[in-house]
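A short worksheet on the structure shown next.
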2 protein chains.
Amino acid sequence: MAVRMKDIADDLGVSLMTVSKALRNHSDISEKTRDRVLKRMRELNYQPDWIARSMVTGRTYLVGLVLPDLMHSFFAEVAKGVARKLQPMGYQVVISDTEEDGGIERRQVGVLVNRKVDGLIIASAQHNGRLELFQMLDRNKIPYVLIDRILPGTQANYVGVKDDDLGALATEHLIAQGCRKIAHIRGPAVATGTGRLRGYRRALARHGMTARPQHIASGQYGDNTGYEAMQQLLRTSPRPDGVFCYNDPVAAGAIKAILEARLRVPEDIAVIGAGNVHYSDLLRVPLSTVDQSSTTIGETAADLLLQSMESKKPAAPRRIFIPPRLVVRDSSRRKG
Amino acid sequence: MAVRMKDIADDLGVSLMTVSKALRNHSDISEKTRDRVLKRMRELNYQPDWIARSMVTGRTYLVGLVLPDLMHSFFAEVAKGVARKLQPMGYQVVISDTEEDGGIERRQVGVLVNRKVDGLIIASAQHNGRLELFQMLDRNKIPYVLIDRILPGTQANYVGVKDDDLGALATEHLIAQGCRKIAHIRGPAVATGTGRLRGYRRALARHGMTARPQHIASGQYGDNTGYEAMQQLLRTSPRPDGVFCYNDPVAAGAIKAILEARLRVPEDIAVIGAGNVHYSDLLRVPLSTVDQSSTTIGETAADLLLQSMESKKPAAPRRIFIPPRLVVRDSSRRKG
DNA sequence: ACCGTGATAGTTAGCGGTCAAGTTACAAAT
DNA sequence: ATTTGTAACTTGACCGCTAACTATCACGGT
């Protein structure tokens, strides 16, 4: 069916090997022959067979991208960044949505490994057994880069924001806007959630305040976390005058609750989220947020992975932190 | 390094072929031998080498998913649906973001084809040369399913909503809510955009109205299409009392413009979008919309592709239309 | 006793490439 | 004239697996 090297070789009366070498610019082919070969390849529209090549070289030019949830816009953006960086280098991205399930994650990584992907980029779901999973990768010498969720206690390539800093940045901003009773709607007890909480506390401490326990709401109530957690916060006393929300969807829910209670944003309560999802400024009250440069994270992770894959000797793992960036919109901007 | 069939064969004193057959439940292996083989496989944690297998069978168990924009939540949801359906069947999804660029699309499809993916799911960006692209697929006998954007004038598997119906459904709803001067903010001049416009016109016609030319705004002004197009509509006379927007982000922008003009939604102007993006009800005015069951589209496309891939004889192409579903929220709900 | 048959296992050839070790032919060095 | 060198190709062997034959053996029918 398709054109093979052999066809070209027979066609030109040279050996298969000559064709193979010519294609890969091997030094011991004369310019004349190489040109003949390349010309004929173009004429016949020869496409090298990746599979056959993989078989002998062991490289697949496939990269696995393992994400907890494609629909979460943060991960979608990361995916975009990764793809944009890798495709021009001849790599294809195999995607895997683990639905935040550790079991699926382990299984999928396993599948990808025995598909012999050249490398992996993983935003790992929380689960015990993560450690072994990554040790397995180390043993098999498969380069990988973790993103977003760091795995404490291991050395591994990592790209993400420092969640502490993110939390601190957001909280500092609220303080600068004059808020003095700042609440936090926290995220799940994974790295990201606890880091942001820690940053929140740190910022308060720096200004001689402490977080009132009743002002830290955790919202594991399902999908409209933000809405419900905020309702709960509104009943506390003193009533908060600023809220730092774990992420933008939560913040959107919080705003909804505040407005429903006939309070104003930001005059009565200033709100800031995190993630800078792209619809943030389409909300009725455009949402202040902390941008974590999702696409950049993806691109950077891809770069890091490329280095690990191309270099023969395993380089020392690196951790790259993208600085969080404040995006002030109406939900936290107090004039004067 | 890894365990191969040969290792198991030698280990057990049988031939390689026996192992191969045992693994695949070939009928001419005795139960006893098969069990011995499988047992040893488990003990040694044998993982078949997909590449080697592909090499001889010609099947890769890879499916290409070609999308114009991963960050668009519709496509992200589709991707999720596709992955969810395909992964359990042993297929992996190779993703490709074409950034709405026909050139990239063609190139990527090419790459995927010579990677020998078993099938493709494509939401094609608009460009001339599409036809040839799909003819190429036909020639190479690669099963594929188009989604969202149909390609007129060809026979091909397709899954999506009928955009006419979607437009009509939205418009009928506005009419039912008492709107009499209904405007439309239209999308780009591709299948989706024109279909929805056609549906809008059809619904109006059915009720003896016609679309006033000034009430059809096209908003190619960049990213806040909806906002700007709505401002323009607000200056027309008669002022519309209902707007059907091409999609939800546009609708969100439109609402913003309306509220800024100190008008009320839905009392003064009712608004409906399309797509039911997941943040629609986080907006200040929860947005009415037409759901196109993105995940279902993905799953259905995957099913259809599975059929084409598994059956040897190429089945007649099918077009599956998912009925659009009205989701009424506050932005269009008029009491009484 | 002969042969056909069904159940089980083994052999032979690749699939389309690449790698490493030959083989030429011809020019320069001894 | 013989050796040596080198540029330019060619020759197997092999990557891990499967398809399509071929071989072996026990058993029953005639």
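Side chains included, hydrogens not; waters and symmetry mates left out as well; all remaining heavy atoms used. Each chain gets a letter, A, B and so on, in the order the sequences are listed, and its residues count up from 1.
One can place CG of A:Asp10 at 11 Å from P of D:dT10, the figure rounded to the nearest angstrom. The distance from atom CG of A:Leu12 to atom C1' of D:dT10 is 15 Å, rounded to the nearest whole Å. Across the protein-nucleic acid pair, B:Arg115 atom CZ and C:dG17 atom C1' stand 15 Å apart, rounded to whole Å. Distance, A:Asn25 CG to D:dA8 C1': 16 Å, rounded to whole Å.
Around atom CG of B:Asn128, no more than 12 heavy atoms belonging to other residues, nucleotides or ligands sit under 6.0 Å away. The local environment of CD in A:Glu43 is crowded, with over 12 non-hydrogen atoms from other residues, nucleotides or ligands closer than 6.0 Å.
For D:dC9, the OP1/OP2 oxygens have a side-chain nitrogen or oxygen of A:Ser30 closer than 4.0 Å. Side-chain N/O atoms of B:Thr33 include one lying less than 4.0 angstrom from OP1 or OP2 on C:dA9.
The backbone N or O of B:Ser124 lies less than 3.5 Å from a partner atom in the side chain of B:Arg149, making a donor-acceptor pair. Between the side chain of B:Thr18 and the main chain of B:Val14, no donor-acceptor pair closer than 3.5 Å is present. B:Tyr46 places no side-chain N or O within donor-acceptor distance of the main-chain N or O of B:Ala2, the cut-off being under 3.5 Å. A:Asp97 places a side-chain N or O within donor-acceptor distance of the main-chain N or O of A:Leu70, the cut-off being under 3.5 Å.
If one axis is set at each end of the helix from C:dA1-D:dT30 to C:dT30-D:dA1 from five pairs, those axes are 70° apart, to 10°.
A cation-pi arrangement is present between B:Arg59 and B:Tyr61 under the rule of less than 6.0 angstrom and at most 45 degrees off the ring axis. Taking the ring axis of A:Phe134 as reference, the NZ or CZ atom of A:Arg130 does not stay both within 45° of it and closer than 6.0 Å to the ring centre.
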Response to the item:
Quick tally for nucleotides 13-24 of chain D: nucleotides whose base has a protein heavy atom under 4.0 Å get B, sugar-phosphate-only ones S, the rest -, giving --BBBBBB----

